[in-house]
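Heads up, the thing below is written out as structure tokens.
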Amino acid sequence: MPVMMPRLKTTSWMDLPTRAAAGWVLLMVVAALVAAHIAPYDITAIDLRHRLAPPVGFGGTMLHILGTDDLGRDVASRLIYSIRTSLLVAFGATAISVFVGTAIGFTAAYFGRLVEHVLLLMIDVQASLPFLIVALAMLAFLGNSLPLFVTLMGLYGWERNARLARGLAIAAGAQGYASATRQLGAHPLRVYVRHILPNSVATLLVAATVTFPEIVLVESGLSFLGLGVQPPMSSLGVMVAAGREYITRAPWMLLAPSLVIVLTAVAVSVLGDWLRDQLDPTLK
Amino acid sequence: MTATIIGFVGPKVLRAALSILVVVTLTFVVLRASGDPALQILGPSARAADLEAFRRHWGLDQPLSLQYLRYIQAAFHGDFGNSMLGGKPALDIVLERVPLTLALMIPSLILTMLIGIPVGAYAAMHRDSWVDRSVMMLTVLGFTVPSFVLGLLLILIFSVTLGLFPSGGADRAAGFVLPVLTLGIGGAAIIARFTRSAMIEVLSQLYVVAASAKGVTWRQVVRQHALPNAIIPVLTLFGLMLGGQVAGAVLVENVFGWPGIGQLLVVSVANRDHAVVQVILLLVTLTMTSANLLMDLLYGVFDPRLRASSAGSH
């Protein structure tokens, strides 16, 4: 008699696109972390004898693998540092966005009444305005420094995260555990931070993976317009803007950062979908 | 009946009006409180007396509350102040640019519909086929590629390499092609995905099954039963998409050197031209709020269940 083996569920491992996406994101994170060690040149190092040199495979040499820009600066090196800047901005901003959103959402759920109405109105207002336009105005009027820019980017998506957090808190309030701790005499802050928050983390984490790639895109857009990351720092949007001037003579200046922006945004959203399926199948 | 309609429309209109007021107030406070436009426009080397005169001339020496009240009062009379550069009325400067931006946005919205709805519906009807899978993969690209990258890639392909279309300029008819395409592709990807999921849901409904069962041809089932019902939620998406289109227009106009509102906004923001920035923000807010309101109301017209339940709850 053949032995009946119980079939193991094989749902949770990644399929090929997800693995590729994870690989790409990992590569980007590693590049950002060790930028100073792997970048062949300094981002401001000028090599006037090799200006607008093409990449390897298009007539270029191993000296500059991805070619050089109009000042002879190494595109590969600038790309690695740009990835670092863009990821740094996006990580910081996503953390702020989720934190601020959660705080506001929980506040609305806890106080209810007028506070909730006012906060919901603010959420509605933010949701009805394109963030890029708001950010554009704020940036140019508040001036520009890296911490300020990251904070401003952190406002991206706060209204969505706040709405989500409020919903989670209200749902938690309807469940036994929150009211049980409350009746045991726990301070409301303790109920929220120690009980409701840990139960909401999975969903909030998925929300963060939605926010993250969108912030990468907004940051690169603003930097492209010259109102985001400022020279001598470089970001992916800054590189695209510089490449645009040499689109006919040196298209690699434009293509290299563009490709990184597109691949990163796609990879993170593929990963986000996977994470959503893993952590919270009900969220759609 | 009348009470039902008022109960449905009233709160939505009130909310829209309140939203607009909040935006006006917030913009005013942030823009006025955040920096000194006198210093910005006259430069750091300007003499103190000139700075003082400039501030007095534009009312910048008054308390904020007074500036705000004056601003609201003037706004109701259609006076939004003058541009600090050149001194022309801000409203005129902005309105001058409106037709150019609309000339990009309207064709691109139409393009969005023309591509998105048929592609999405086709994908839904051939669910899990290779066509469906490749369409879905393309749409992910379509809405993750930022508009300025897409625009530059189109320039690289169609202007630089193939020489088919000019890379910009509002003076020739062909100059429209690439910016409109750039704006339309991203929107089409979103509409296609949305149409697909709406269509899949509708196709599984009992009335579609019933129609097929009683012998109506598949083509007719799709045209007369499934598609009209699937399009309703897609229409409401337009209110949401408009924001993306406005933001996209800012970038696309700057890529293609298109002298519309988006370009004006970037220039005005860089020059801290308060009056012009405020008019643009207000215009965007008004457009977005009325579009959302309109979509809400249209939804009520298309779906009477919503009207009834909403009126009951208020």
Side-chain angles (χ1 to χ4, degrees), chain A residues 17 21 117-118 120-143 213-214 216-227 236-237 240-241 243-244 247-249 251 254-255 257-270 273 284, chain B residues 15-16 18-23 26-27 30-35 37 40 137 140-141 143-150 152-153 155-156 159-161 167 239-240 242-251 254-255 262 265-266 268-272 274 277-278 280-281 284-285 288-289 291-292:
Chain A
H117 276 296
V118 170
L120 284 179
L121 180 69
M122 302 303 275
I123 288 173
D124 269 5
V125 168
Q126 176 74 73
S128 72
L129 278 177
F131 180 77
L132 188 83
I133 307 247
V134 177
L136 260 178
M138 303 263 274
L139 260 179
F141 282 91
L142 297 177
E214 291 175 357
V216 171
L217 298 187
V218 175
E219 179 274 315
S220 59
L222 284 168
S223 298
F224 171 76
L225 292 174
L227 295 163
L236 296 170
V240 173
R244 162 201 193 180
I247 191 166
T248 46
R249 289 170 62 201
L254 170 76
L255 289 173
S258 300
L259 199 66
V260 172
I261 292 174
V262 172
L263 286 178
T264 308
V266 172
V268 176
S269 76
V270 168
D273 279 353
K284 190 93 201 270
Chain B
R15 209 172 181 84
L18 215 52
S19 298
I20 293 171
L21 188 69
V22 169
V23 171
L26 284 182
T27 3
V30 170
L31 298 192
R32 284 292 148 96
S34 57
Q40 183 73 17
M137 246 144 80
V140 173
L141 268 183
F143 68 76
T144 41
V145 177
S147 54
F148 64 97
V149 169
L150 182 63
L152 288 169
L153 291 181
I155 289 179
L156 190 61
S159 309
V160 176
T161 312
S167 64
L240 296 172
L242 200 62
Q245 291 276 317
V246 169
V250 173
L251 288 161
N254 279 284
V255 168
L265 177 63
V266 172
S268 306
V269 158
N271 290 318
R272 310 185 91 162
H274 289 170
V277 173
Q278 273 174 333
I280 294 178
L281 278 169
V284 171
T285 310
M288 297 286 305
T289 314
N292 284 325

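Letters A, B, ... are given to chains in the order of the sequence lines, protein chains preceding strands, and every chain is numbered from 1.
- Ser258(A) places none of its side-chain heavy atoms less than 4.5 Å from the side chain of Leu152(B).
- The distance from atom OG of Ser19(B) to atom CE of Met122(A), rounded to the nearest 0.5 Å, is 10.5 Å.
- Of the two parts of Leu156(B), the backbone and the side chain both hold a non-hydrogen atom closer than 4.5 Å to a non-hydrogen atom of chain A.
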Starting from the C-alpha separation in whole Å, work towards a yes-or-no answer on side-chain contact (heavy atoms from CB on, under 4.5 Å) for Leu254(A) and Val149(B). CA-CA 9 Å; Leu254(A) 170 76; Val149(B) 169; over 6 Å; no

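- Top candidate by heavy-atom pairs under 4.5 Å with chain B, chosen from Ala127(A), Pro213(A), Ser220(A), is Ser220(A).
- Note that CG of Leu225(A) is 5.0 Å distant from CG of Asn254(B), once rounded to the nearest 0.5 Å.
- Of the inter-residue distances, the one linking Ile261(A) atom CD1 with Thr144(B) atom OG1 reads 11.5 Å to the nearest 0.5 angstrom.
- You'll find the side chain of Thr289(B) stays beyond 4.5 Å of the side chain of Val125(A), heavy atoms only.
- In this structure, no portion of Leu236(A) lies under 4.5 Å from any heavy atom of chain B.
- For Gly243(B) against Pro130(A), the heavy-atom pair with the smallest separation is O-CB, 3.5 Å.
- Of the inter-residue distances, the one linking Leu251(B) atom CG with Leu132(A) atom CG reads 5.5 Å to the nearest 0.5 angstrom.
- For a residue to count as touching a neighbouring chain, one of its non-hydrogen atoms must lie under 4.5 Å from one of that chain's; by this rule Leu255(A) touches chain B with the side chain only.
- Atom CG of residue Leu217(A) and atom CZ of residue Phe148(B) lie 7.5 Å apart, to the nearest 0.5 angstrom.
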